[in-house]
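Accompanying notes for the structure given below.
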Amino acid sequence: MSLDLIFTNLNYHDLYWESEKYKFPRVDVPPVLAGWFRAVKPGGHVVIVDHVGPAGDPREVANRLHRIDPERVKADMTAAGFVLEAESSVLRRSEDDHSKLVFDPAVRGNTDRFMLKFRRP
């Protein structure tokens, strides 16, 4: 398979989320990203949009808040062999309280979001 683009919107954090209640198993993130790397052709891209979360254990943050630290995403993707090509602040919202669950009525639909574009060399 050779893809030009993988686009993930508001669900990268789910790579770290797990739930017995919803039968969502623990995912081993590096093999998933290795699969993305194999799937995207050289020069192809991965664009990730997600809710900004605080630094810390990504599983704990995802399970508690359904958010992820953009620096974690950058580190994951770099470790998988991708190169950060661009970032956009167009979806940033400085008034968002990163300690709130994204489903909290105070922030739902108005979370601070990051947008990152990676390229496969």
Side-chain angles (χ1 to χ4, degrees):
M1 181 183 318
S2 183
L3 303 174
D4 293 320
L5 174 72
I6 293 175
F7 177 78
T8 175
N9 185 50
L10 305 181
N11 62 2
Y12 184 92
H13 67 271
D14 288 329
L15 293 175
Y16 287 98
W17 181 67
E18 57 189 295
S19 172
E20 284 185 36
K21 177 180 177 182
Y22 295 107
K23 297 178 178 31
F24 201 93
R26 183 181 191 97
V27 172
D28 190 6
V29 177
V32 170
L33 299 183
W36 289 9
F37 192 84
R38 286 189 306 274
V40 174
K41 70 181 184 182
H45 293 93
V46 176
V47 175
I48 299 171
V49 176
D50 214 330
H51 309 280
V52 175
D57 180 298
R59 293 199 185 275
E60 188 278 327
V61 172
N63 287 326
R64 184 170 48 90
L65 303 172
H66 281 274
R67 296 175 178 265
I68 192 157
D69 179 4
E71 296 305 315
R72 162 55 56 188
V73 178
K74 291 176 189 177
D76 287 352
M77 294 296 287
T78 300
F82 291 97
V83 175
L84 179 62
E85 191 170 83
E87 298 182 56
S88 175
S89 62
V90 71
L91 300 175
R92 299 304 305 257
R93 294 182 182 249
S94 60
E95 68 279 4
D96 177 23
D97 180 349
H98 296 165
S99 69
K100 291 191 182 294
L101 176 67
V102 299
F103 305 116
D104 184 307
V107 297
R108 187 169 184 144
N110 294 300
T111 56
D112 187 18
R113 299 171 188 178
F114 60 87
M115 186 183 313
L116 304 173
K117 180 181 179 185
F118 297 91
R119 178 181 42 80
R120 178 181 170 181

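Not measured: the values here are computed from a predicted model. The figures here come from the full heavy-atom set of this structure, side chains too, leaving out hydrogens, waters and symmetry mates.
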Tell me, which pairs form a salt bridge (charged side-chain N to carboxylate O under 4.0 Å, His left out) where one or both residues lie in residues 79-90, sequence neighbours left out?
K74-E87, E85-K117, E85-R119
Applying side-chain hydrogen bond (donor to acceptor under 3.5 Å, both in side chains), can you list everything that pairs with [X], at least two apart in sequence or on another chain?
X	value
S99	D97
D96	R67
H13	D50, H66
R59	none

Which pairs pass side-chain hydrogen bond (donor to acceptor under 3.5 Å, both in side chains) with one or both residues in residues 20-34, sequence neighbours excluded?
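Qualifying pairs: E18-R26.
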Under the side chain to side chain contact (heavy atoms under 4.5 Å, CB included) rule, collect the residues that match up with T8, sequence neighbours excluded.
N11, W36, I48
Nearest 0.5 Å, what's the [atom1]-[atom2] distance between [X] and [Y]?
X	Y	atom1	atom2	answer
I6	F118	CD1	CZ	12.0 Å
L65	T111	CG	OG1	11.5 Å
R93	R113	CZ	CZ	7.0 Å

Any heavy-atom pair between the side chains of V52 and P70 that's under 4.5 Å?
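When only atoms from C-beta onward are counted, V52 and P70 do touch, with a gap below 4.5 Å.
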Within-4.5 Å side-chain heavy-atom neighbours: W17 and I68
no
Taking all heavy atoms of V29 and all of L15, pick out the closest pair and write down the distance.
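Shortest heavy-atom separation between V29 and L15 comes out as CG2-O, 3.5 Å.
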P121 versus G81, closest heavy-atom pair with distance:
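Looking at all heavy atoms of both residues, the closest pair is CD-O, 3.3 Å.
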Give the C-alpha distance, both sets of side-chain angles, the deciding distance and a yes or no for side-chain contact (heavy atoms from CB on, under 4.5 Å) between V61 and D69.
CA-CA 8 Å; V61 172; D69 179 4; over 6 Å; no
List for me each residue that meets salt bridge (Lys or Arg N to Asp or Glu O under 4.0 Å) alongside R72, sequence neighbours excluded, and say none if there are none.
D76
Residues which pass salt bridge (Lys or Arg N to Asp or Glu O under 4.0 Å) with D112, listed by chain and number, not counting sequence neighbours
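Once residues adjacent in sequence are excluded, the partners of D112 under the salt bridge (Lys or Arg N to Asp or Glu O under 4.0 Å) criterion are R92.
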Going by ring-ring contact (aromatic ring centres under 6.0 Å, His included), name the residues that satisfy it together with F37, two or more places apart in sequence or in a different chain.
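F37 satisfies ring-ring contact (aromatic ring centres under 6.0 Å, His included) with F82 once adjacent residues are dropped.
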Apart from V90 itself, residues in the same hydrophobic cluster as defined by side-chain heavy atoms under 4.5 Å:
L5, F7, L10, V47, V49, L91, M115
Just list the side-chain donor-acceptor pairs under 3.5 Å for residues 100-109, sequence neighbours left out, or say none.
from : atom 1 : to   : atom 2 : distance (Å)
D104 : OD1    : A106 : N      : 2.7

